[in-house]
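Right, one structure below, let's go through it.
Just so you know, ligand 1 is whichever comes first in the structure, and atom 1 is the first atom listed for that ligand. Scope of the values below: all heavy atoms of this structure, side chains included, with no hydrogens, waters or symmetry mates.
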Amino acid sequence: MTASGLLDRIMDVGRDRARGGYSRHAFDPAEAELREWFTAEAGWLGLDVETDRNGNIWAWWGAPGPDATVTGSHLDSVPGGGAFDGPLGVVSALDAVGILQRKGFTPGKPFAVVVFAEEEGGRFGVPCLGSRLLTGSIDPDKARALRDPDGVTLADAASRAGYDPSRFGPDREALSRIGRFLELHVEQGRGLIDLDSPVAVGSTVIAHGRWRFSFRGQGNHAGATLLTDRRDPMLPAAATVAAVRRIASEVPDARATVGRLVPTPGGTNVIASTVDLWLDARVPGTGLTESLVEDIAGAAAEAAEAEGCSVTVSKESYSDTVTFDGGLRDRLSGVLGGVPELPTGAGHDAAILAPHVPSGMLYVRNPTGISHSPEEFAEAADVDHGARALADVLEDLSR
Ligand code: GLV
Ligand code: MN
Ligand code: MN
């Protein structure tokens with residue numbers, strides 16, 4: 001089945017009627033259904049499916065072993081996300097295996113399709129959780145203690161879904177088998193529209209991280225408390241949202257976003273006692289993201305003091321700038337006949353793996369230039385072109 005046909009098959013799984021788009025999060029029913037669907041599709045291709053200690057799924061074409069060519073992506077989404085971010089890389093991998101099988105190709109090296117768990121951090125806040133745990137770039141105790149918006153820990157959610165969270169942690173065996181990793185992904189900006197090309201080879205991923213700002217004041221009555229008597233944490237939170245745009249605008253090529261803000265207790269006639277907001281900050285280069293966040297934290301502290309409130313800032317995740325493996329990039333470009341190279345501001349499991357194994361990415365054109373939104377899109381012709389390009393490079397990489 002073509003990649004576009006496979007995508008059609010899962011178009012009804014995890015639709016979010018309230019937000020629009022899809023909400024497919026770690027250990028929720030939609031994600032479980034997608035895992036089952038993937039296992040069945042891989043089974044029809046004759047692949048052997050196993051789930052590793054961190055909840056990542058591996059579908060092996062032939063026996064598992066070292067120096068494996070591995071491709072894949074993720075099936076979870078951001079809240080109210082699009083249909084392509086993640087699943088496109090998974091369906092393209094399955095299509096590519098089918099294409100190679102139909103032409104009678106047999107890999108000369110171990111070969112696997114992987115589905116990484118909780119790439120978006122849409123439920124537990126830390127992105128690329130499956131690949132971070134596998135590579136040892138997050139402490140498993142810290143991971144187990146992460147909480148979703150309802151206060152459920154990752155450990156509890158995993159247990160309820162039938163996983164054993166005590167096994168979460170670095171997986172040397174899984175990592176040492178990967179000879180090279182290639183992730184196909186929908187383009188998440190306008191890069192390929194401007195380049196007028198259906199596919200590109202990934203060059204770099206900019207440094208990015210997430211920080212939580214917790215403002216504390218005094219919860220109180222909206223009618224009985226004079227304005228002069230208030231310590232309302234919503235004010236420094238709002239000032240911080242404005243400061244994020246103002247300060248980041250002065251840093252070349254910086255991106256900084258507050259996409260989530262939670263007042264507690266959250267009543268119309270209640271002055272909040274606390275407001276939490278989450279900052280997503282990304283600046284190309286080394287050390288510049290942290291210094292941007294320091295400046296924003298300074299503005300937040302000033303705004304908090306002016307209202308008689310306090311603020312604490314904690315880093316929830318961080319990934320340095322990644323440049324994908326030069327040899328692999330050249331090889332992909334060679335096989336694909338000199339398609340353009342493209343940097344990205346989006347994070348990926350391929351970037352988490354890159355410091356450990358040669359890793360690379362292929363992007364497929366997105367005519368809306370929009371992502372993490374229901375408007376994210378790729379034409380069926382481009383989707384299938386991308387899967388054929390993936391098949392070509394996988395054939396070359398796994399001879
Ligand atoms: C994932 O897509 C991210 O860049 O946040
Ligand atoms: Mn994403
Ligand atoms: Mn993605």
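Results of the side-chain contact (heavy atoms from CB on, under 4.5 Å) test with Arg255 over Ile206, Leu292, Asp280 single out Ile206 as the only residue that passes. Of the residues Thr69, Val335, Thr71, Asp392, the one that meets the side-chain contact (heavy atoms from CB on, under 4.5 Å) test with Leu397 is Thr69.
Inter-residue side-chain proximity for Met1 and Trp44 is flagged as unmet; no heavy-atom pair is nearer than 4.5 Å. Annotation: side chain of Asp276 is not in contact with side chain of Leu261 (no heavy-atom distance under 4.5 Å).
Less than 4.0 angstrom separates some heavy atom of Gly347 from each of these atoms of ligand 1: 1 (C), 2 (O), 3 (C), 4 (O). Close approach to Ala346 involves these atoms of ligand 1, each under 4.0 Å from a residue heavy atom: 4 (O).
Only the side chain of Glu120 comes within contact range of ligand 1, with a heavy atom under 4.0 Å; no backbone atom does.
Among the atoms of His348, no N, O or S atom is found under 2.8 Å from the Mn ion (ligand 3).
Backbone and side-chain nitrogen or oxygen atoms of Gly345 are examined, and none is located within less than 3.5 angstrom of a nitrogen or oxygen of ligand 1. Considering backbone and side-chain atoms together, His372 places an N or O closer than 3.5 Å to an N or O of ligand 1. The shortest N or O to N or O distance between Arg282 and ligand 1 is under 3.5 Å.
No donor-acceptor pair closer than 3.5 Å links the side chain of Thr257 to the backbone N or O of Gly259.
One finds the CG atom of Leu129 at 12.0 Å from the CZ atom of Phe116 (value rounded to the nearest 0.5 Å).
The OE1 atom of Glu120 and the OD2 atom of Asp85 subtend an angle of 130° at the Mn ion (ligand 2), given to the nearest 10 degrees.
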